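All remarks here apply to the structure that follows.
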Amino acid sequence: MHLWREGDRSEAICSACERRVTTTFQLRPYMLRESGIEVPEVLVAVCDVCDRIVAIPAQSTPMPRKVC
Ligand SMILES: [Zn+2]
């Protein structure tokens, strides 16, 4: 699996721009919708055009594993 680092460049579909855009990986605070917990530093892909978070790599997903 490719591990992304801060400053890496990629491409993604931005839902705000409604087109394919270039992105830059940055460390940003990120609010988990389900739990309401804010994670202070999550590696995310940020749209170069509108500066919104467009993708979160699986490696960054701070989800606790569900215990059945
Ligand atoms: Zn955008």
Side-chain angles (χ1 to χ4, degrees):
M1 187 176 92
H2 181 79
L3 288 177
W4 298 101
R5 292 181 305 172
E6 188 178 15
D8 281 351
R9 309 299 301 276
S10 186
E11 287 188 347
I13 302 294
C14 177
S15 59
C17 299
E18 297 184 324
R19 62 184 174 90
R20 178 170 282 274
V21 296
T22 56
T23 61
T24 304
F25 283 84
Q26 298 179 16
L27 291 170
R28 290 273 180 100
Y30 180 72
M31 182 77 76
L32 299 177
R33 286 184 189 172
E34 290 184 0
S35 58
I37 295 170
E38 189 176 72
V39 182
E41 284 193 339
V42 176
L43 188 67
V44 295
V46 177
C47 174
D48 287 343
V49 178
C50 68
D51 202 43
R52 290 178 189 229
I53 295 171
V54 294
I56 300 169
Q59 72 189 56
S60 298
T61 309
M63 293 287 184
R65 289 177 188 272
K66 286 184 179 175
V67 178
C68 296

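Since the model is a prediction, treat every value here as computed from it, not as a measurement. Heavy-atom basis, side chains included; hydrogens, waters and symmetry copies ignored.
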C47 side, atom SG; R19 side, atom CZ - distance, nearest 0.5 Å: 7.0 Å
Spacing of CD belonging to E11 relative to OG1 belonging to T22, to within rounding of 0.5 Å: 7.0 Å
Side chain to side chain contact (heavy atoms under 4.5 Å, CB included) partners for R5, two or more places apart: D8
Please check if the side chain of T23 supplies one atom and the backbone of S10 the other of a donor-acceptor pair under 3.5 Å. yes
Answer yes if V44 and L32 sit in the same cluster of Ile, Leu, Val, Met, Phe, Trp and Tyr residues linked by side chain heavy atoms under 4.5 Å apart, and no otherwise. yes
What pairs with E41 under side chain to side chain contact (heavy atoms under 4.5 Å, CB included), at least two apart in sequence or on another chain? L27
Applying the 4.5 Å side-chain criterion to the ILVMFWY set and letting contacts propagate, would V39 and I56 be lumped into a single cluster? yes
Value for CZ (R52) from SG (C17), rounded to nearest 0.5 Å, stands at 8.0 Å
Would you kindly confirm whether I53 and V42 end up in one hydrophobic cluster when ILVMFWY residues are joined by side chain heavy atoms under 4.5 Å apart? yes
Do the side chains of V54 and I13 get nearer than 4.5 Å, heavy atoms only? no
Pairwise distance CG(L43) to CZ(R28) - rounded to 0.5 angstrom: 11.0 Å
Other residues, nucleotides, ligands: >12 heavy atoms within 6.0 Å of E18 CD: no
